[in-house]
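All values reported here derive from a predicted model rather than from experimental measurement.
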Amino acid sequence: MIITSDFPKSDTPRATGSTAKAKPQNGASQTESTHHKNPNRRRVSPHTTLSFPPFPLPASRGLRRHMPPTMATRARFVYSRRRAADEEEEQEEASSSSSDEEEEEEAEVEGSDEEGDAEEEEEADADEPAVKVSPSATAAEKAPGRGGRKGPITISLKKVCKVCKKTGHQAGFKGAVYIDCPMKPCFLCKMPGHTTLTCPHRVAMEHGVIPAPRRNTNTSLDYVFQSQIKGKISMVKPRFLVPNHLECGNIKFHQRRVTCLEFHPTQNNVLLSGDKKGLLGIWDYVKLHEKTTYDSVHSCILNSMKFDTANDGVLYTASSDGTISSTDLDTGIGSPLLNLNPDGWNGSNTWRMIYGMDLNTEKGLLLVADSFGFLYLLDRRSKTRIGQPVLIHKKGSKVTGLHCNPAQPEVLLSSGNDHFARIWDTRKLEPKSALASLAHGRVVNSGYFSPRGGNKILTTCQDNRIRVWDYIFGNLESPSREIVHSHDFNRHLTPFKAEWDPKDYSETVAVIGRYISENHNGVALHPIDFIDTSTGKLLAAVMDPDITTISPVNKLHPRDDILATGSSRSIFIWKPKNDTDDPMEERTSQKVKEYVYGSGSRKKSNSKHGDSSDDDSDGGSGGKNKKAKKTRFTHTAKGKGKSKA
């Protein structure tokens with residue numbers, strides 16, 4: 001048994017009676033031990049009887065004689081504790097009256113000190129933005145140690161970066177401007193030593209752009225180009241008009257993000273669009289309300305569209321479901337030309353997707369490339385495959401795009417995920433038989449020949465570089481110039497692709513969307529850039545306060561000064577702003593922005609593709625030969641300012 005006493009040995013009350021110790025009973029010896037933590041505690045054996053001073057007990061002697069030894073010992077111990085407690089209370093009451101005045105004086109002095117300390121702390125808080133107390137310090141504060149002292153408190157006043165996890169700086173959005181981490185390379189030019197805000201390429205896009213000299217200009221190929229091709233090109237450059245005025249928009253026309261756009265070859269006011277769900281949309285942007293959607297053409301991402309040059313009512317489409325379809329635009333009924341996944345979904349290792357597609361008009365061939373690096377040739381008249389697939393890029397890498405030379409359709413340009421763009425002769429297609437391999441730093445999103453003569457090459461790479469080759473018959477080891485531009489995107493966006501202006505006879509103007517936002521009156525806007533590829537200068541940056549989303553898909557009209565952009569699920573039409581001197585004429589000539597709300601703004605019943613998440617899972621296994629579904633919407637809304645999309 002353990003008996004604990006809370007008062008020290010010296011304070012134990014003793015009587016003046018006999019101090020002789022009681023003899024132990026049953027032959028047991030008296031033992032006394034001291035606790036390790038508190039010397040005032042006594043550890044007693046369960047067979048030991050303690051000896052106390054002979055305090056007078058309230059009970060009679062006769063009762064005390066008849067009490068057992070253990071009860072007598074317990075009674076003495078309890079009485080001694082009560083008497084000690086009474087004495088301590090009397091001493092405290094006696095000293096409380098004398099110490100009240102001293103405590104009031106000390107409280108006044110401490111109050112003045114605390115006010116000075118509080119002012120110093122407020123000044124320190126104004127200098128430093130954040131104060132953090134470590135958990136260990138908080139625990140030490142709550143648990144006082146010996147003597148009533150509190151543990152040390154640690155205060156951290158340093159900023160912590162969310163990117164590199166280091167102190168002394170911060171990174172992220174500050175209003176409508178994104179601040180880079182100074183410990184990382186510049187997000188725009190990918191070079192260390194500065195941030196995006198101070199990048200010289202952001203201030204002047206032509207910074208560091210030096211046109212490369214032309215090489216091998218006296219070859220026989222150059223003579224053929226000068227005599228046969230260049231003579232057909234007009235030497236007079238027409239006036240370039242920038243479509244910088246937002247004319248109209250189709251808000252949420254698609255249920256998922258827009259992936260491709262194409263103007264009708266004969267009907268100037270008709271625009272076709274495809275989305276991530278595989279839906280095909282047809283919109284007359286002059287009549288606004290006339291729009292048609294076909295949701296049964298493909299089961300997932302519609303990546304590319306090409307019109308049949310012999311019949312403008314037939315459209316060829318390529319999708320990530322591994323099929324090529326020939327669709328009648330009047331009925332929406334499509335006939336499959338190629339299916340690379342006849343057995344359905346068997347895992348991502350065997351699922352083939354189609355991204356690149358182009359049409360050889362002279363030979364009547366449809367060229368298709370899949371996500372494993374192979375090229376397929378299709379006869380569009382007999383709708384059959386020609387020969388065996390040819391490996392044109394690294395095996396297992398995705399071919400992102402194909403483009404036939406407009407002057408020599410046998411010459412093919414391909415771009416891929418293996419960081420190369422390659423030039424091929426389709427008459428002699430064999431593995432590793434490329435005429436030239438154009439090296440890039442990262443994934444090549446697209447590659448295009450110039451629209452008129454086909455003697456230039458324009459590529460878009462994920463390293464924020466637009467590369468231009470001025471002469472395809474020269475030395476192609478290095479580009480003529482590299483233009484730094486922001487288009488390094490994340491996986492939830494359609495890839496940015498710089499495209500030529502088909503109306504520009506000088507073959508120097510290109511259009512591409514921008515990823516980095518600009519601060520426009522406190523709103524983050526993502527402009528659409530018009531770039532002069534001969535000098536690297538920025539001709540115009542098109543943006544509108546009503547469009548706050550990114551516009552990665554852009555298409556210039558082949559005949560009119562019109563720009564079509566796909567931003568998220570919406571489509572917008574841009575036209576040049578009228579430059580008139582008379583303000584009244586300008587006010588009357590300017591048209592009110594018109595918006596029409598499409599099918600994407602209405603809720604549909606759940607289906608295989610009913611998920612509204614916009615992730616970039618490019619695979620799919622369903623949707624085989626469904627009956628064509630044609631939907632028309634006639635709801636129209638007109639107004640100024642921001643739309644409710």
Side-chain angles (χ1 to χ4, degrees), residues 185-191 194 196 199-217 221-222 225 230 233 237 240 242 400-401 403 405 413-415 419-423 435-488 495-502 504-516 527-541 554 556:
C186 173
F187 184 80
L188 180 58
C189 66
K190 310 298 183 183
M191 300 298 293
H194 60 272
T196 304
C199 180
H201 298 279
R202 187 183 179 95
V203 179
M205 189 174 294
E206 66 273 12
H207 175 77
V209 177
I210 302 176
R214 293 185 60 178
R215 309 178 182 93
N216 300 331
T217 58
L221 293 175
D222 183 70
F225 171 75
K230 195 169 184 179
I233 302 176
K237 183 178 180 180
F240 177 70
V242 177
T400 57
H403 189 227
N405 193 296
L413 176 63
S414 64
S415 55
H419 303 182
F420 279 96
R422 292 186 168 91
I423 303 175
L435 301 179
S437 295
L438 314 179
H440 292 71
R442 289 180 61 187
V443 174
V444 186
N445 293 339
S446 64
Y448 297 102
F449 290 109
S450 53
R452 296 283 179 172
N455 62 316
K456 296 181 180 181
I457 296 177
L458 176 68
T459 62
T460 308
C461 184
Q462 278 291 93
D463 59 357
N464 277 349
R465 299 294 191 279
I466 298 174
R467 292 174 172 84
V468 182
W469 282 262
D470 288 335
Y471 195 60
I472 62 174
F473 302 115
N475 186 3
L476 300 177
E477 292 183 359
S478 61
S480 301
R481 64 195 59 87
E482 293 184 357
I483 304 172
V484 177
H485 182 266
S486 174
H487 50 259
D488 183 10
F496 292 85
K497 298 179 181 180
E499 296 188 9
W500 300 99
D501 184 1
D504 181 25
Y505 290 97
S506 63
E507 298 178 333
T508 57
V509 179
V511 61
I512 184 175
R514 191 190 304 179
Y515 182 73
I516 294 180
I528 303 165
D529 296 331
F530 287 82
I531 303 173
D532 186 353
T533 59
S534 61
T535 60
K537 292 183 178 180
L538 179 65
L539 299 176
N554 303 278
L556 285 168

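- Not one N or O on the side chain of Thr508 forms a donor-acceptor pair closer than 3.5 Å with the backbone of Thr533.
- For the residue pair Gln462/Asn445, the side-chain donor-acceptor check at 3.5 Å is satisfied.
- Arg422 and Ser437 share a side-chain donor-acceptor pair at under 3.5 Å.
- Interatomic distance, Leu413 CG to Ile472 CD1, rounded to the nearest 0.5 Å: 9.5 Å.
- Scanning both residues, Asn554 and Val511, for their nearest heavy atoms gives CB-CG2, 4.5 Å.
- Side chain of Asn464 to backbone of Phe187: a donor-acceptor contact under 3.5 angstrom is found.
- With no hydrogens or angles considered, a side-chain donor-acceptor pair links Ser415 and Thr400 at under 3.5 Å.
- Atoms CG and OH, on Leu188 and Tyr515 in that order, are 13.0 Å from each other to the nearest 0.5 Å.
- Closest non-hydrogen pair, Ala498 versus Ile466, comes out as CB-CD1, 4.2 Å.
- Counted by atom type alone, Asp529 and His485 present one or more donor-acceptor pairs between their side chains at under 3.5 Å.
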Verdict with supporting geometry, Val484 and Lys190, side-chain contact (heavy atoms from CB on, under 4.5 Å): CA-CA 10 Å; Val484 177; Lys190 310 298 183 183; over 6 Å; no

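- Asp501 places no side-chain N or O within 3.5 Å of a backbone atom of Val509 that could act as its donor or acceptor partner.
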Verdict with reasoning, Thr460 to Val444, per side-chain contact (heavy atoms from CB on, under 4.5 Å): CA-CA 6 Å; Thr460 308; Val444 186; over 6 Å; no

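- The distance from atom CZ of Arg514 to atom CD1 of Ile531, rounded to the nearest 0.5 Å, is 8.5 Å.
- Heavy atoms only, all atoms of each residue included: His419 and Gly441 are closest at ND1-O, 3.5 Å.
- At least one donor-acceptor pair under 3.5 Å links the side chain of Asn405 to the backbone N or O of Gly454.
- A 4.5 Å side-chain heavy-atom check between Leu476 and Ile423 finds at least one atom pair inside the cut-off.
- Put simply, the side chain of Ser480 never gets that close to the backbone of Trp469: no donor and acceptor are under 3.5 Å apart.
- Summarising the geometry, atom CZ belonging to Arg452 is positioned 10.5 Å from atom OG belonging to Ser506; distances are rounded to the nearest 0.5 Å.
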Steps toward side-chain contact (heavy atoms from CB on, under 4.5 Å) verdict (Lys497, Tyr448): CA-CA 10 Å; Lys497 298 179 181 180; Tyr448 297 102; 3.9 Å; yes

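- Side-chain atoms of His201 do not come within 3.5 Å of backbone N or O of Cys189 as any donor-acceptor pair.
- Ring-plane geometry between His487 and Phe496 is classed as tilted, the angle between the planes lying from 30 to 60 degrees on a 0 to 90 degree scale.
- In this structure, the side chain of Glu507 engages the main chain of Gly453 through a donor-acceptor pair within 3.5 Å.
- If you take CG on Asp504 and CZ on Phe530, they are separated by 11.5 Å, rounding to the nearest 0.5 Å.
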side-chain contact (heavy atoms from CB on, under 4.5 Å) assessment of Leu458 paired with Trp500: CA-CA 8 Å; Leu458 176 68; Trp500 300 99; 3.4 Å; yes

